[in-house]
Amino acid sequence: MELNPQQKAAVAYDGAHVLVLAGAGTGKTRTIIGRARHLLEQGVDPGRILMLTFTRRAAREMVQRLTQLTGQEQLPLMAGTFHHFCLYTMRRMPAAFGVANATVIDRDDQVQLMKLVRGGRRRKGEQLPRASELVSLCSYARNTNQRIADYLKRYTEHDEATIEKICRLAKEFERRKRANDYLDYDDILFVFASRLQADSALRQRLKSLFDHILVDEMQDTNPLQWLILDGLRDPARLFCVGDDAQSIYAFRGADFRNVHAFTRRVPNAAVLRLEENYRSTQGILDLSNWLLTASPLKYGKKLRAHRKTVSKPSLLDFDSDFEEARWIAHDLIERHEAGADWRDHMVITRTGYGARALESFLVEQKIPYRFVGGTSLMQAAHVKDLLSLVRACASPRDELAWARYLTLWPRIGDVTAARAIREMRTCSDTRAAIASLAKILKARRDVSDGLSAVLGDWNDPPAAITRAGHYLAPILKTRYSNWNQRRRDLDLLARLAKRHRSLVAFIETYTLDPVSVTESRRLQGEDAVTLTTVHSAKGTEAPVCYLIRVEPGMYPHIRSLGREDDEEEERRILYVAMTRARDELILTRCLRNGGFRRSPYSVSVAPDREREAYFFKDLDRRLINSEAITAYFDRSDDYGALHPDDDDW
DNA sequence: GAAGCGTTATACTAT
DNA sequence: ATAACGCTTC
């Protein structure tokens, strides 16, 4: 593995702590891997290295590459996300953290629980935010380590009475989570960080586990995650890599002070820089640099291409997202027929919703693709139905799982389910709960039989999943019209379960690391186009990148308008998207309305404001391929053949 | 009173 | 695609 002098300096840095500022495409991953390899060569025990990445995928890739490099079969180093690491550690010391029987819940469950806490319908003109908004507020306050009241007063415009009400609901939400033995994503970090801070004996014990902590994507860590790093360092040494121009998770509490204030917080730390870009052509970087220069914030960053080729990005205009999608599908097929692999192409979208038209074309044209960041397998309704049965078996106190499972059955609705759940709450284990349930629903033996059946296969995850599937099939068949498609997901679930020893661990793994439906349906390594959201594209690259819907209302996204910080984050999102491309960057957009299924936002919210804020409003045309612009003004040519009369859609 | 059914609103990013 | 809502049915 070749390293340039800057990378070498970082890899071999010998002081206590270091922050590596690495621009897009400057070999960040390579440098972290190089660092780990260097440490191993120095004789550091792999078990004493902790690698924290932003996604499980990134962790897997790094360990894989490192394993190849070192020629070892298995490297017992700990690599994963902050959430993964914290949960793993807490599971091994349940008493110290008080999370012995916890069920990990995802965002959907949080919202569901909040609905129960908040109470039903939202009347017109009501000040109180909806449940999903309440969850976001709580989550943000938690991750930025502030009291929810302070956060609401400082950064929102709710009146005092509403703030008080929200605080009461937040408190009740916390109480309800504890009553159900739930741990949400935020709790995982919060409980870990608080115990780490409060219990000095525990802190010493955890500190003694590692000598080196390697952190990727430092700019997207939040204050809670900083507390964790802070609690674990010294004698352990921090090696943090990040780029403030690529900070795109502020909405989740990420705080790039973790980068900017690093040397102030860690006095004996050094800052190193990686500046040479190995990924893209200068043409792609020129446009990316231009975007940052146009910002009121001074990023003080100019990416230089190491490569000699200069290919300008193209910008193509279409009348609708429908035509845009058709053109891309056509272009992909053309390139594939000319000998290119599908996998060399990545389509990047701001929102999952924005890729709907394209997705339908990919399916229709039978172009193999995987959608990273699309609907996750675990969020599909039928999968949740099945998992509710498994989760109900795991914990008599998991009220969301019980409610979902019970109301699947005909003639059992909210009220009956709630009554049964109240009764079972007092039961100490699942067997007792099932017995109690059988008593309440005398005539409904099938309801409790399903639970007993799954319990019977409890220690054989794939068998239990399969059994649960068989048990629920008759009900699900009547519930979902496309049952035959959906049942395949349940088979897939059983196959995924094979890799896990316990059902709880299985569910937990995929709750923390969601698999997208298209991703999991495809076999690993199969040649396919990648369709991804910008956020999920972070850290990845492809020779050919299509950046779709680069239009007013999307960049910056309409929901960010009016809040300066949010609009600036949108700029970085576009920057991250553009810097994924190696050889070719193709930007597409539709400036005119009248497309197929326009988003309701684009019409209802001030279009002037959208256009005014649009990042390409004053685009320097010299930065993009002029032929592409011609194609927009004179659209009678080539791809015209593809759409004869397309109004029949 | 509880469950079921048809219609309508809603949709940014995600560990 | 899904959930919530309002109305009908048991």
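Chain A is the first sequence line, chain B the second, and so forth, proteins listed ahead of strands; every chain is numbered from 1.
- Residue ring and base: A:Phe251 counts as stacked with B:dT13 (centre distance below 5.5 Å, interplanar angle below 30°).
- The aromatic rings of A:Phe506 and A:His500 lie tilted to each other, with the angle between the two planes from 30° to 60°.
- For A:Glu569 and B:dT13, the CD to P distance is 13 Å, given to the nearest whole Å.
- Side-chain proximity of A:Tyr353 to the nucleotides B:dA11, C:dA3, B:dC12 is greatest for B:dA11.
- As a whole-Å value, the separation of A:Leu116 CG from C:dA3 C1' is 14 Å.
- Residue-level contact check: A:Tyr249 touches the backbone only, with heavy atoms under 4.0 Å from sugar-phosphate atoms and none from bases.
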Report the C-alpha separation of A:Phe251 and A:Tyr249 in whole Å, then their side-chain angles, then the decisive distance to 0.1 Å, and conclude whether the ring pair (Phe, Tyr, Trp, His ring centres under 6.0 Å) test is met. CA-CA 5 Å; A:Phe251 70 92; A:Tyr249 278 95; 5.5 Å; yes

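- Note: CH2 (A:Trp483) to C1' (C:dA1) measures 17 Å, nearest angstrom.
- A:His535 has its NE2 atom 12 Å from the C1' atom of B:dT15, to the nearest Å.
- Rounding to the nearest 0.5 angstrom, the gap separating the CG atom in A:Asp109 from the CE atom in A:Met114 is 13.5 Å.
- In this structure, A:Ser560 reaches neither bases nor backbone, as no heavy-atom distance under 4.0 Å exists between it and the strands shown.
- Across all strands shown, A:Arg411 has heavy atoms under 4.0 Å from sugar-phosphate atoms exclusively, and none from any base.
- Nearer to the 5' terminus of DNA chain B, by closest-nucleotide assignment, is the contact made by A:Arg419 (compared with the other of A:Arg419 and A:Ile573).
- The residue among A:Arg56 and A:Thr416 whose nearest nucleotide of DNA chain B lies closer to the 5′ end is A:Thr416.
- Close to C:dT2, at under 4.0 Å from its OP1 or OP2, lies a side-chain N or O of A:Arg486.
- Within 4.0 Å (heavy atoms only), A:Gly354 reaches no atom of the nucleic acid at all.
- Note: A:Tyr405 and A:Trp409 have perpendicular aromatic rings, judged against thresholds of 30 and 60 degrees for the angle between ring planes.
- For the pair A:Arg92 and A:Tyr88, the cation-pi criterion (under 6.0 Å, within 45° of the ring axis) is fulfilled.
- OP1 and OP2 of B:dA14 both lie 4.0 Å or more from every side-chain N or O belonging to A:Thr55.
- In this structure, CZ of A:Phe192 is placed 20 Å from P of B:dT15, rounded to the nearest angstrom.
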Test salt bridge (charged side-chain N to carboxylate O under 4.0 Å, His left out) on A:Glu174 and A:Arg142; report intermediate values, then the result. CA-CA 11 Å; A:Glu174 293 305 320; A:Arg142 217 90 192 291; 3.7 Å; yes

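- Using a 4.0 Å heavy-atom distance criterion, A:Asp414 is classed as a sugar-phosphate-only contact.
- Distance CG (A:Asn143) to P (B:dT13): 18 Å, rounded to an integer number of Å.
- The CD1 atom of A:Ile558 sits 15 Å away from the P atom of B:dT13 (whole-angstrom rounding).
- Counting only heavy atoms from C-beta on, A:Arg252 has its side chain closest to B:dT15 among C:dA3, B:dC12, B:dT15.
- At a threshold of 4.0 angstrom between heavy atoms, the contacts of A:Leu189 with the nucleic acid are absent.
- Minimum atom distance to the side chain of A:Pro514 is reached by B:dT15, of the listed B:dT15, C:dA4, B:dG4.
- For B:dA14, the OP1/OP2 oxygens have a side-chain nitrogen or oxygen of A:Thr533 closer than 4.0 Å.
- In this structure, A:His84 forms no aromatic stack with the base of B:dT15, since the conditions of centre separation below 5.5 Å and plane angle below 30° are not both met.
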